[in-house]
Amino acid sequence: RTEQHMSDAQPTNNIAFGIAERYNLLIPAAGGPQQMAGDYIHYNGRPSHFGEGSWGILRVFDKPQSNLQVLPGYENTPRSATSVCPSDAPVKQFNVVAMDYSMSLHSKAGETITVDFDRKIQLRNPEGKIYALENEVQKISSGSLRPHPLVLRVNVGDCMKVTLKNNMKKHKAGMRVDMLAMDPHKDMGVAVGNNSGDHAIKPGGKKSYTYYAHPEIGVNSALIRDWGNVLINPRDGLYGAVVITPRGSTYRDPRSGADVTMGNNWQVDVIVDRAIPENASRKNYRDAVLMFTDEDQIMGTSFMPYLQQTAGLTMVNYRLEPYGYRQDLGCDASNMFYCVAAGKDPETPIITAHAGDEVVVHIFGASNEQNGVFAIEGHEWPLEPFREGADRLSATNFGSAERNNLYLEAGGSFALPGDYVYMNARMPYMESGQWGILRVLPVGDKTITALNPVDSDTMFADTPREVKPVALSK
């Protein structure tokens with residue numbers, strides 16, 4: 001926890017730091033929530049710095065060592081848990097495929113956009129790689145499904161089992177899920193130090209992983225990244241997320257109302273089981289995942305003259321909506337975010353909710369050379385979502401391998417319907433296309449399913465009926 005003496009602060013496993021900063025990070029128990037002995041890697045999430053050697057090992061033993069003194073009060077060293085998941089934990093099984101995917105970040109734009117110093121924003125990546133559910137592979141390969149990063153959802157207390165098959169032609173694959181409890185010898189997804197086991201999968205091979213959404217981690221989120229080639233594959237798209245929701249929750253498609261509990265969806269409605277005592281005060285909510293990537297190493301450095309625009313591969317959920325593309329179609333600064341010539345809506349994700357809905361947006365730095373600043377116009381969220389009276393923010397920093405869980409009310413403090421721009425507020429990245437829309441619909445709009453019945457006229461997507469007009473008072 002960043003607030004180590006605050007029991008309701010959200011646990012985290014990453015933190016951004018800069019020059020002259022310092023943090024005191026308290027790990028509740030070595031070996032993670034299940035106290036598993038083994039070697040754990042600590043590292044700088046920025047790929048170039050990691051590649052230069054910015055990493056090390058946290059070595060955890062479950063037996064006394066002759067060269068390691070026992071801490072006073074810890075004379076009885078606990079043995080590792082015999083299994084990752086408790087025997088009575090609900091199990092969710094996912095079959096996942098790592099596959100090659102020639103990526104197009106914009107369906108109508110060209111392959112590149114030239115920026116300053118003849119550098120280029122890349123809108124195509126023929127070397128793209130993704131995770132997908134096994135039942136999605138045929139649709140993706142045929143072009144009938146445009147993928148987004150893999151998003152799996154589990155509940156607090158769930159045991160998540162993943163069988164990963166490597167369908168890539170040339171590259172090894174693996175799956176590392178941070179935050180969740182796992183056995184470092186079997187399920188870490190990366191070969192570290194003295195750990196046993198082969199964590200990388202050759203093309204055509206498969207491997208099973210087991211993770212546990214420990215109650216200590218709580219309602220949270222976790223980054224999935226490949227470590228078969230961690231300096232290359234995540235840059236090309238081989239990453240995803242696990243979202244941990246309240247115990248007993250189910251998930252629903254916001255438009256159709258269909259159950260998507262075992263699906264791969266970047267946006268869902270989370271339907272909370274309030275019959276479970278720990279959920280009594282929780283509401284149903286909209287849940288969305290946005291995953292940002294970039295690779296420009298010289299932005300913000302002492303390169304002279306200073307660069308005004310970023311270049312290379314930049315994405316939000318495998319999509320991009322560059323200013324340059326819209327300007328070429330006749331859009332300008334006055335209508336950049338609502339330009340009929342460009343088709344009005346961007347190709348980046350559009351988060352949809354009814355006014356007043358609780359919305360949780362999970363922001364991930366999936367593979368980044370730069371820090372970003374996420375913001376949504378007209379909206380704020382608490383620094384600590386489960387702490388009453390916590391400071392409220394309107395922007396939050398994120399970096400590579402980092403994630404933030406933002407709890408907000410659709411439409412802001414006054415629940416006003418409308419379209420609100422979300423963005424990477426670092427202007428070069430916003431201009432490159434890292435922006436999208438939070439679309440807040442009036443209560444009762446049948447475009448999406450209502451989270452909760454408000455009155456007899458509230459619409460549900462799966463039971464459409466005519467809205468009754470409200471008479472105006474004289």
Side-chain angles (χ1 to χ4, degrees), residues 1-3 9-25 41-56 149 176-179 190 220-227 230-243 288-303 307 310-318 320 348 361-376 381 383-384 393-406 422-436:
R1 293 178 170 88
T2 52
E3 295 287 350
Q10 279 210 314
T12 186
N13 71 326
N14 52 64
I15 197 160
F17 65 94
I19 296 171
E21 281 191 295
R22 61 111 182 94
Y23 292 94
N24 303 314
L25 306 180
I41 188 170
H42 62 80
Y43 64 99
N44 190 319
R46 186 172 175 179
S48 60
H49 290 191
F50 178 45
E52 291 167 353
S54 185
W55 64 276
R176 173 178 167 82
V177 181
D178 62 22
M179 291 293 288
V190 51
N220 218 314
S221 61
L223 177 65
I224 300 173
R225 286 212 296 181
D226 168 72
W227 282 65
V230 70
L231 297 181
I232 299 297
N233 290 351
R235 177 263 183 194
D236 287 331
L238 202 54
Y239 52 75
V242 175
V243 176
V289 171
L290 299 176
M291 308 200 76
F292 291 77
T293 62
D294 66 75
E295 64 172 351
D296 194 335
Q297 296 186 29
I298 59 177
M299 276 297 300
T301 65
S302 56
F303 182 92
L307 298 170
T310 187
L313 195 61
T314 305
M315 298 184 281
V316 183
N317 285 15
Y318 303 155
L320 207 62
T348 44
V361 184
H362 308 278
I363 305 302
F364 287 86
S367 178
N368 310 72
E369 284 296 336
Q370 300 283 333
N371 279 3
V373 179
F374 181 82
I376 307 176
W381 50 87
L383 175 62
E384 286 292 345
L393 308 176
S394 58
T396 190
N397 179 82
F398 68 92
S400 191
E402 194 172 7
R403 60 100 184 89
N404 292 276
N405 305 314
L406 313 182
Y422 69 77
M423 71 202 82
N424 184 340
R426 284 190 68 181
M427 201 62 197
Y429 290 90
M430 188 174 181
E431 290 181 357
S432 74
Q434 287 190 332
W435 66 275

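The structure presented is a predicted model; accordingly, all values stated were derived computationally and were not measured. What's counted below: heavy atoms across the whole structure, side chains too, no hydrogens, waters or symmetry copies.
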Audit row: Y43, F50, ring pair (Phe, Tyr, Trp, His ring centres under 6.0 Å) steps and yes/no: CA-CA 6 Å; Y43 64 99; F50 178 45; 5.4 Å; yes

Evaluation steps, side chain to side chain contact (heavy atoms under 4.5 Å, CB included), between W227 and I41: CA-CA 12 Å; W227 282 65; I41 188 170; 3.8 Å; yes

Steps toward side chain to side chain contact (heavy atoms under 4.5 Å, CB included) verdict (N424, F398): CA-CA 10 Å; N424 184 340; F398 68 92; 4.0 Å; yes

Residues M291, L223; criterion side chain to side chain contact (heavy atoms under 4.5 Å, CB included); working and verdict: CA-CA 10 Å; M291 308 200 76; L223 177 65; 3.6 Å; yes

Candidate pair R426 and N371, rule side-chain hydrogen bond (donor to acceptor under 3.5 Å, both in side chains), full reasoning: CA-CA 9 Å; R426 284 190 68 181; N371 279 3; over 6 Å; no

From CA spacing to verdict: ring pair (Phe, Tyr, Trp, His ring centres under 6.0 Å), Y23, F17: CA-CA 8 Å; Y23 292 94; F17 65 94; 7.9 Å; no

Verdict with reasoning, E402 to N397, per side chain to side chain contact (heavy atoms under 4.5 Å, CB included): CA-CA 9 Å; E402 194 172 7; N397 179 82; 4.2 Å; yes

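Classification of the F374-F292 ring pair by plane angle, with boundaries at 30° and 60°, yields perpendicular.
P234 is linked by a side-chain contact (heavy atoms from CB on, under 4.5 Å) to R225, V230, S367, counting only residues two or more places apart in sequence or in another chain. In this structure S48 satisfies the side-chain contact (heavy atoms from CB on, under 4.5 Å) test together with R46, Q297, E369, sequence neighbours excluded.
H362 places none of its side-chain heavy atoms less than 4.5 Å from the side chain of N404. Residues R235 and P47 have side chains not in contact (no heavy-atom distance under 4.5 Å, counting atoms from C-beta outward). Looking at heavy atoms from C-beta onward, P149 lies out of side-chain contact with F364 at the 4.5 angstrom threshold. The shortest side-chain heavy-atom distance between R403 and N220 falls under the 4.5 Å cut-off.
Without hydrogens or angle criteria, N14 side chain to A401 main chain gives a donor-acceptor distance under 3.5 Å. Distance alone, capped at 3.5 Å, is enough to place a donor-acceptor pair between the S400 side chain and the N368 backbone.
The two residues Q10 and E384 make their nearest non-hydrogen contact at N-OE1, 3.0 Å. Closest approach of I298 and D296 over heavy atoms only: N-OD1, 3.1 Å. Shown here for M179 and A222, the closest heavy-atom pair between the two residues is CB-CB, 3.8 Å. Taking each heavy atom of W381 and T396 in turn, the nearest pair found is CZ2-N, 4.0 Å. Minimum interatomic distance between Q370 and Y429 (heavy atoms only, all atoms of both residues): CG-OH, 2.8 Å.
Taking OG1 from T12 and CG from D178, the interatomic distance works out to 8.5 Å, rounded to the nearest 0.5 Å. Rounding to the nearest 0.5 Å gives a distance of 8.5 Å between CD of E295 and OG1 of T310. To the nearest 0.5 Å, the span separating CD on Q434 from CG on D294 amounts to 6.0 Å. Remark: L320 CG to T348 OG1 distance equals 8.0 Å, nearest 0.5 Å. Taking CG from N317 and OG1 from T293, the interatomic distance works out to 9.5 Å, rounded to the nearest 0.5 Å.
In this structure, the ring of Y239 has its center less than 6.0 angstrom from the ring center of Y318.
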